[in-house]
Amino acid sequence: MSDSQPNSQTDLLIQNGRVLDPSQGLDQQADVLVQSGRIAAIGNNLEAPGATRLDAAGCIVAPGFIDLHAHLREPGREHAETIESGGRAAAAGGFTSVLAMPNTQPVNDNAAVTHFIVQTAQAQSPVNVYPVGAISEGSRGERLAPIGEMREAGIVAISDDGRPVMNSDLMRHAMSYASGFGLTVMDHCEDLDLSAGGQMHEGFTAVRHGLAGISAASEDVMVSRNILLAARTGAKFHVAHLSTAGSVDMVRQAKRRGLSVTCEVTPHHFTLTDEDVKDYDANYKMKPPLRSRADRDALLEGFADGTIDAIATDHAPHPGSDKMQEFEMAPFGVIGFETALGLALDRLVHTGLISLPRLVELLTVNPARVVGLDRGTLQVGAVADVTVFDAERRWSYDVNQSYSRSRNTPFQGIALRGGPVATIVGGKIVWKLGG
Ligand SMILES: [Zn+2]
Ligand SMILES: [Zn+2]
């Protein structure tokens with residue numbers, strides 16, 4: 001966390017943008033003045049002699065985007081990504097904060113690894129990195145990790161992501177324990193017995209490709225179990241990368257009952273379906289897999305009716321040497337920071353499904369609330385994490401220009417309408433379009 005120390009940087013005046021901040025119901029043409037790394041004023045015709053000026057005419061000025069789900073691979077798999085390269089890719093995608101999943105090598109299951117991530121991020125990452133601690137030692141699903149000491153060291157949530165927690169009793173204990181610390185439990189919901197050997201979504205396309213299927217039920221069973229346990233323990237439970245119609249409906253019902261259940265959906269799951277899986281190309285292989293059209297449409301409905309809380313990338317870098325092999329041999333996962341906003345604008349906003357304020361809510365105040373971060377707002381006095389984006393800019397994605405060390409994307413060459421323009425962390429411009 002490159003946190004809140006005011007530094008001696010110059011002031012910044014972001015001029016003439018449409019300031020859109022759902023945390024305070026703000027949507028107006030205005031300037032934003034940043035002083036000493038914090039939001040100092042929002043208003044018209046602000047004056048700030050000596051301040052750096054950023055022209056935001058025609059652009060949206062929003063709180064900095066927060067990604068609840070990313071894999072930065074450091075420590076242990078620096079050939080795939082580092083905290084620095086991942087941080088740069090996040091900044092280029094408009095993200096000012098990312099949550100780093102614990103399935104590094106070693107696993108972030110103790111305070112020493114948490115400290116390493118926090119310190120490396122402070123020294124090298126242009127964006128805030130918030131570590132997620134493992135639920136169990138080594139994420140092996142046997143014994144609880146020392147959650148309290150990791151909390152002291154800076155984790156903001158717990159998850160065994162990369163693996164689901166198969167043992168229901170362990171999950172129950174994790175939830176009881178986490179709620180004592182006010183920590184959210186995130187789970188990769190997958191019953192490994194039901195999904196065993198699966199390569200892609202169970203359905204017609206899998207049969208045609210001759211690939212073993214991963215059923216929607218393998219996700220739904222675990223979402224259902226976790227909601228039951230959250231109701232029993234009073235824990236804050238968050239469904240990672242929700243992908244099925246059944247799961248979105250269970251989250252909808254849980255919210256109606258007043259449970260602290262939230263969920264995130266990735267851009268690849270709201271954009272693509274299993275029918276898009278092409279020619280055994282492992283860039284379409286991820287977990288959960290690309291689902292059916294009916295599942296994808298249910299996700300879209302969940303965005304429209306408010307069931308889905310956040311867009312999260314599940315940025316999961318793998319080097320070409322791992323991904324460029326037979327579909328069955330290749331690891332699961334795709335990168336996602338730099339395409340997230342463009343896909344969301346293109347597929348959710350420009351199609352008329354959701355409004356721009358709702359999109360900004362999905363990327364800012366909502367993810368902040370899921371884990372209780374003091375971010376996702378442009379309130380005067382808040383740390384000046386700001387994302388400036390152009391909802392209309394037409395561009396196409398070239399992964400070869402990516403800041404990530406990995407190239408595993410299904411979106412190479414995709415034409416998009418809308419994308420980031422500038423990313424500001426703690427009052428400092430850390431990425432700028434064309435800069
Ligand atoms: Zn996962
Ligand atoms: Zn993940």
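We use all heavy atoms of the structure for the numbers below, so side chains are in, but hydrogens, waters and symmetry mates are not. Remember, predicted model here, so these are calculated numbers, not experimental data. We count residues from 1, following the sequence as given. One-based numbering, in listed order, for ligands and for the atoms of each.
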- Note on the structure: Near the Zn ion (ligand 1), protein N/O/S count under 2.8 Å comes to 3
- Between His71 and His315, does the ring centroid distance fall short of 6.0 Å? no
- Item | Under 3.5 Å donor-acceptor, Arg375 side chain and Ala384 backbone | no
- Task: State whether the side chain of Arg73 and the backbone N or O of Pro317 hold a donor-acceptor pair below 3.5 Å, judged by distance alone.
- Result: yes
- Query: Centres of the His269 and His241 rings: under 6.0 Å?
  - Reply: no
- Give a yes or no answer on whether the side chain of Asp109 reaches the backbone of Gly138 with a donor-acceptor pair at less than 3.5 Å. yes
- Pair Asp398, Gln412: side-chain N/O donor-acceptor within cut-off below 3.5 Å: yes
